[in-house]
Amino acid sequence: MATLKSIQTELADRIVKALQSIGLDGDPLVFPSQDSKFGDYQSNCAMGLGKKAARKPRELAEEIVSRLQIDDISEPPQIAGPGFINFRIKPAFLSAILADIPPGSDPERARLGIEAAASPEVVVVDLSSPNLAKEMHVGHLRSTVIGDCVARCLEFMGHTVHRDNHVGDWGTQFGMLVAHLRHVRPDVADNPSQLVIHDLETFYIEAKSRFDEDEEFKKESRETVVALQQADPQTRLIWKAFCDESLRHCHAIYDRLKVDLVDRGESFYADLMHEVVRRLEILRGEDDSPVRISDGALCVFLDGFTTRDGDPLPVIVRKADGGFNYASSDLATILHRVEQLGATRIIYVVGLPQKQHFEMVFAAARKVGWVSEDVSMVHLGFGSMLSATGKPFKTREGGTVKLKDLLDEAVAKARKVVESQLDDDKGGDRAFTKEEMDHIAETVGLAAVKYFDLSHSLAGDYKFDLSTMLSLEGNTAPYMLYAYARIRSIARKADVDFAGLPTDVGISLDHPAEVALALKLLQFGDTLGTVVRDYRLNLLTEYLFELAKTFSRFYDKKIGVRIVDASPESVRNSRLRLCDLTARTLKLGLHLLGIETLDRM
RNA sequence: GCGCCGGUAGCUCAGCUGGAUAGAGCACCGGAUUUCUAAUCCGGCGGUCGCAGGUUCGAGUCCUGCCCGGCGCGCCA
């Protein structure tokens with residue numbers, strides 16, 4: 001199947017040609033029009049180029065238009081305002097492209113005609129990264145959901161993606177935890193794989209209070225850290241039993257969220273941290289080296305970073321006591337990802353407060369020559385999730401809220417919302433079994449949480465509000481899932497399998513609602529392109545919402561068209577194919593957000 | 001003190017390399033309905049884009065200064 005060029009790109013290419021024929025060179029600045037009264041697309045290049053060429057923008061716009069060869073795509077372009085060039089796409093062109101996307105669901109067809117990236121990269125997405133000492137809490141949600149979405153989008157674009165879960169399993173607190181475990185579960189050494197800790201949070205608190213109150217235990221904890229780092233087999237065994245159990249807690253959540261990732265904790269990089277230091281020590285010997293010992297710590301000094309007092313602020317790679325910190329481990333991840341995984345792009349999905357940390361780590365890695373210019377390192381930072389009142393997300397007692405509890409609450413509320421709608425269902429198509437209802441509630445609840453998160457721009461904080469995210473109206477998961485389910489319902493009503501629709505009768509776009517839907521469908525690829533280029537995930541939710549709204553109008557009895565009982569058969573078939581394309585676009589879009597669809601709800 | 005993020009409609013939020021009259025949802029008001037799943041659709045109301053300057057054909061967007069909120073700034077992660 002031929003992949004299709006986007007309308008936007010096609011228009012841009014034609015305008016570039018027209019510009020070249022006038023001897024001008026520049027960005028054609030083609031965008032979808034904000035208001036359909038200005039057409040479907042607009043080019044804003046005449047204003048800027050007019051200035052450069054010392055010509056009146058409107059005059060230049062007219063010359064561009066006169067040289068444009070575009071009548072296969074667009075109605076005659078209109079010039080408006082100071083020099084906007086407006087395009088109205090011909091329905092026949094839309095129809096021809098859409099007809100090229102056959103029904104069906106095999107992998108190639110599932111791409112919906114969207115091209116993969118021309119040069120696939122190896123990308124590492126560093127996401128989630130909980131501390132294994134404790135239970136995952138609400139603070140881990142955004143990194144997990146955002147990271148997974150970015151990974152899914154990049155994968156779809158044809159890149160090889162590694163999702164690395166950089167869990168905290170190597171800090172000093174693990175000495176304390178292992179020592180405590182040894183006391184309360186003396187049998188753990190005999191049966192490490194049988195270890196079950198129901199509540200990691202409680203376990204941590206117990207260990208911590210013992211550590212604070214019992215000098216003997218404190219000493220033992222410290223000795224345990226040393227034993228752990230020196231790879232004492234017995235200590236390692238207990239430590240591993242603890243980490244495995246903690247990871248089981250994490251993966252219960254990842255499984256639920258359908259997030260697939262690889263655990264590479266700090267311990268995984270233990271040897272590499274020594275390698276980091278070894279290489280830096282070699283550089284330290286050179287003249288004017290940025291690598292120096294300062295106050296006993298091994299540091300990389302960088303330009304442009306200063307402390308509160310204006311002194312140079314270095315990256316500390318090995319502490320004065322010889323221990324490592326998170327800069328050591330992040331530098332180790334870079335070595336591993338570049339040298340072992342062959343990554344050309346590394347994306348750290350970590351909260352915005354750590355922005356400076358990553359700026360410094362990246363700068364250090366470049367400074368010492370470990371990362372070449374053709375490898376990009378990105379800190380994909382994001383704001384905090386706040387409570388509905390705008391305050392930090394805490395329990396009434398001021399403690400952290402477990403992620404599991406948050407998800408459970410969302411699912412429980414989703415169930416109520418769905419059930420309340422079924423009470424007045426008259427269709428009879430929705431008599432769900434207990435199992436079906438469980439599945440619907442779980443899907444809707446988790447979708448609501450993810451969709452709400454991803455529909456916000458990354459930089460800002462947002463307020464976690466269950467009733468908003470579970471609203472049946474507006475840009476929410478329930479609205480999107482419902483839109484999808486309605487389309488699936490059309491297939492049942494029409495008694496057709498969308499995948500088997502005949503492809504030889506074409507797609508007719510006569511009604512404005514059909515044209516609008518066709519145009520919107522064909523903008524998915526461009527949207528996705530921007531999403532992966534700029535990591536603007538909320539653009540994807542916004543697009544899907546617009547698509548769903550456009551479909552609702554298409555389907556509306558007042559302003560839309562008939563579908564199931566449309567005639568003649570060719571028109572019915574055409575409309576069913578538009579339904580199919582919409583359903584698949586919604587499904588794919590939601591899939592990229594990490595959200596599963598429901599055929600009935 | 002320096003730096004980062006945020007400040008847009010009553011509320012929650014969009015706003016892509018500067019583009020047309022600043023958008024959406026919720027809420028509120030009004031209309032549509034013999035349902036193709038109305039969890040829908042149409043219309044209305046609603047904003048000195050924190051403040052003040054500047055850049056230009058054009059600024060929510062870029063520059064400068066200031067105000068408010070949050071966060072960060074040497075061995076915690």
Side-chain angles (χ1 to χ4, degrees), chain A residues 27 29 31-35 37-38 42 44 47-48 50-51 57 80-84 86 129 131 168 171-173 266 294-299 305-321 323-327 329 351-357 359 381 383-384 386 388 390 392 417-418 420-421 425-427 429-430 455-457 459-463 465 467-468 471-476 478-479 481-483 485-490 492-494 527 530 533-534 536 538-539 541-542 545-546 549 552-553 555-560 562-566 600-601:
Chain A
D27 192 327
L29 295 172
F31 306 104
S33 301
Q34 276 184 6
D35 192 325
K37 78 182 175 200
F38 298 129
Q42 65 184 60
N44 302 338
M47 282 86 82
K51 187 169 179 81
F84 298 105
N86 293 330
S129 308
N131 186 337
T172 50
Q173 54 203 337
E266 289 171 342
S294 172
D295 294 338
L298 181 66
C299 300
F305 296 96
T306 55
T307 68
R308 197 188 301 266
D309 304 319
D311 300 326
L313 177 68
V315 175
I316 294 173
V317 183
R318 188 187 55 209
K319 299 189 287 179
D321 67 3
F324 296 123
N325 61 9
Y326 73 137
S329 118
L352 230 25
Q354 295 193 40
K355 181 174 170 150
Q356 183 178 267
H357 163 72
E359 280 173 358
S384 307
L386 306 173
V417 169
V418 174
S420 73
Q421 292 302 316
D425 175 44
K426 302 165 207 145
D429 190 25
R430 290 191 277 179
S455 62
H456 289 80
S457 52
D461 297 340
Y462 75 80
K463 296 172 189 162
D465 182 353
S467 54
T468 301
S471 167
L472 305 167
E473 288 139 30
N475 191 9
T476 65
Y479 178 92
L481 291 175
Y482 178 69
R486 277 172 105 195
I487 305 176
R488 298 304 309 167
S489 169
I490 293 169
R492 291 191 295 273
K493 201 66 129 190
T527 302
T530 310
R533 190 193 63 205
D534 298 340
R536 289 176 50 206
N538 61 311
L539 220 55
T541 58
E542 197 173 307
F545 181 50
E546 280 171 18
K549 276 194 294 188
S552 285
R553 288 185 205 115
Y555 185 53
D556 187 75
K557 78 180 314 167
K558 188 84 177 179
I559 62 170
R562 301 302 297 177
I563 299 173
V564 174
D565 52 8
R600 293 164 65 219
M601 65 182 289

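Order of the sequence lines sets the chain letters (A, B, ...), proteins ahead of strands, with each chain counted from 1.
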**Report entry** Spacing of A:Lys51 atom NZ relative to B:G19 atom C1', expressed in whole Å
**Finding:** 15 Å
Query raised in the report: Is it true that a side-chain atom of A:Ser33 and a backbone atom of A:Asp35 form a donor plus acceptor pair closer than 3.5 Å?
Result: no
Requested in this report: Tell me which nucleotide among B:A20, B:A77, B:A14 gets nearest to the side chain of A:Ala80.
Outcome: B:A20
Report task. Please state the C1' separation for the pair B:C45 and B:G60 - nearest whole angstrom. Result -> 23 Å
Query raised in the report: NA contact type, A:Asp311, heavy-atom cut-off 4.0 Å: base, sugar-phosphate, or nothing?
Result: nothing
Query raised in the report: Taking the side chain of A:Lys319 as its heavy atoms from C-beta onward, which of B:C76, B:C16, B:G74 lies nearest to it?
Result: B:C76
Query - Gap between atoms CG and P, on A:Leu298 and B:G74 respectively (whole Å) - result: 18 Å
**Report entry** A:Asn538 side-chain N/O to B:C16 phosphate OP1/OP2 under 4.0 Å
**Finding:** no
Query raised in the report: Contact class for A:Pro314 vs. all strands (heavy atom < 4.0 Å): base, sugar-phosphate, or nothing?
Result: base
Query raised in the report: So which nucleotide does B:C28 pair with, by the Watson-Crick or G-U wobble rule with both distances under 3.5 Å?
Result: B:G44
Report task. Could you run through nucleotides 1-13 of chain B and give me one letter per nucleotide, 5' to 3': B if any protein heavy atom sits under 4.0 Å from the base, S if only the sugar-phosphate is that close, - if neither? Result -> B--SS------SS
Requested in this report: For side chain to side chain contact (heavy atoms under 4.5 Å, CB included), just list the numbers for A:His456 and A:Asn538, CA-CA rounded to whole Å, side-chain angles, deciding distance to a tenth of an Å, and then say yes or no.
Outcome: CA-CA 6 Å; A:His456 289 80; A:Asn538 61 311; 5.9 Å; no
Query raised in the report: Which part of the nucleic acid, if any, lies within contact of A:Ile563, taking any heavy atom under 4.0 Å across all strands shown: a base, the sugar-phosphate backbone alone, or nothing?
Result: base
Query - Upstream residue (5' side of RNA chain B) when A:Val417 and A:Asp27 are each assigned their closest nucleotide - result: A:Asp27
Query - Partner nucleotide, any strand, of B:G18 [Watson-Crick/G-U, under 3.5 Å] - result: none
Query raised in the report: Atom CD1 of A:Ile559 to atom C1' of B:A38: distance rounded to whole Å?
Result: 13 Å
Requested in this report: Could you work out the separation of B:C63 and B:G18 based on their P atoms and round it to a whole Å?
Outcome: 11 Å
Report task. Would you list the pairs meeting side chain to side chain donor-acceptor pair (under 3.5 Å) in which at least one residue belongs to residues 308-318 of chain A, sequence neighbours left out? Result -> A:Glu281-A:Arg318
Report task. Return the 5'-most residue of the pair A:Gly296, A:Asn44 with respect to RNA chain B, ranking by each residue's nearest nucleotide. Result -> A:Asn44
**Report entry** Same-atom distance (C1') from B:A9 to B:G50, integer angstrom
**Finding:** 15 Å
Query raised in the report: Checking A:Thr476 side chain against A:Ser471 main chain: does a donor-acceptor pair fall under 3.5 Å?
Result: yes
Query raised in the report: For B:G65, what is the paired nucleotide under Watson-Crick or G-U wobble rules, both distances under 3.5 Å?
Result: B:C51
Requested in this report: Go through the steps for A:Lys463 and A:Thr468 under the test side chain to side chain contact (heavy atoms under 4.5 Å, CB included), then give the verdict.
Outcome: CA-CA 10 Å; A:Lys463 296 172 189 162; A:Thr468 301; over 6 Å; no
Report task. Considering just the side-chain nitrogens and oxygens of A:Arg600, establish if one lies under 4.0 Å of OP1 or OP2 belonging to B:U37. Result -> no
Requested in this report: Quick one: look up who B:C73 pairs with, Watson-Crick or G-U, both distances under 3.5 Å, and put none if it's unpaired.
Outcome: B:G1
Report summary line: Whole-Å distance, A:Leu481 CG to B:U37 C1', equals 14 Å
Report summary line: Per-nucleotide protein contact along nucleotides 21-31 of chain B, 5' to 3', at a 4.0 Å heavy-atom cut-off (B base, S sugar-phosphate only, - neither), is B--SSS-----
**Report entry** Nearest to side-chain heavy atoms of A:Lys557, which nucleotide of B:C57, B:U37, B:U35
**Finding:** B:U35
Query raised in the report: Is there a donor-acceptor pair closer than 3.5 Å between any side-chain N or O of A:Asp321 and the backbone N or O of A:Gly323?
Result: yes
Query - Check: A:Ala388 main-chain N/O paired with A:Asp465 side-chain donor or acceptor under 3.5 Å - result: no
Query raised in the report: Any idea which heavy atoms bring A:Pro312 and A:Pro314 closest together, and the distance?
Result: O-CD, 3.5 Å
Report task. Please determine, for B:A9, whether a Watson-Crick or G-U wobble partner exists with both distances under 3.5 Å, and give it or none. Result -> none
Query raised in the report: What does A:Arg318 touch in the nucleic acid at a heavy-atom separation under 4.0 angstrom: a base, only the sugar-phosphate, or nothing?
Result: nothing
Query raised in the report: What interatomic distance, in whole Å, is found between P of B:U64 and the corresponding atom of B:A20?
Result: 25 Å
Query raised in the report: To the nearest 0.5 Å, what is the distance between OG1 (A:Thr530) and CG (A:Leu539)?
Result: 6.0 Å
Query raised in the report: Starting at CG of A:Asp556 and ending at P of B:G43, how long is that distance when rounded to a whole Å?
Result: 11 Å
**Report entry** Closest non-hydrogen atom pair between A:Phe545 and A:Asn475, with its separation
**Finding:** CB-OD1, 3.2 Å
Query raised in the report: How close or far is atom P of B:G74 from atom CG of A:Asp321, stated in whole angstroms?
Result: 17 Å
Report task. Would you mind classifying the nucleic acid contact of A:Ala483 as base, sugar-phosphate or nothing, using non-hydrogen atoms under 4.0 angstrom? Result -> nothing
Query raised in the report: By centroid distance (under 5.5 Å) and plane angle (under 30°), are A:Phe84 and B:A20 in a stacked arrangement?
Result: yes
**Report entry** N/O donor-acceptor pair, side chain A:Arg486 with base B:U35, under 3.5 angstrom
**Finding:** no
Report task. Indicate, with a heavy-atom threshold strictly under 4.0 Å, whether A:Leu29 touches base, sugar-phosphate, or nothing. Result -> base
**Report entry** Pair A:Met47-A:Leu29, side chain to side chain contact (heavy atoms under 4.5 Å, CB included): steps then yes or no
**Finding:** CA-CA 10 Å; A:Met47 282 86 82; A:Leu29 295 172; over 6 Å; no
**Report entry** Side-chain donor/acceptor of A:Asp461 to backbone N/O of A:Leu386, under 3.5 Å
**Finding:** no
Report task. Grab the CE-P distance between A:Met47 and B:G18 for me, whole Å please. Result -> 12 Å
Report task. Give the nucleotide from the list B:A38, B:A77, B:G74 with an atom nearest to the side chain of A:Tyr482. Result -> B:A38
Query raised in the report: Could you state the NZ-P distance from A:Lys558 to B:U35, rounded to the nearest angstrom?
Result: 15 Å
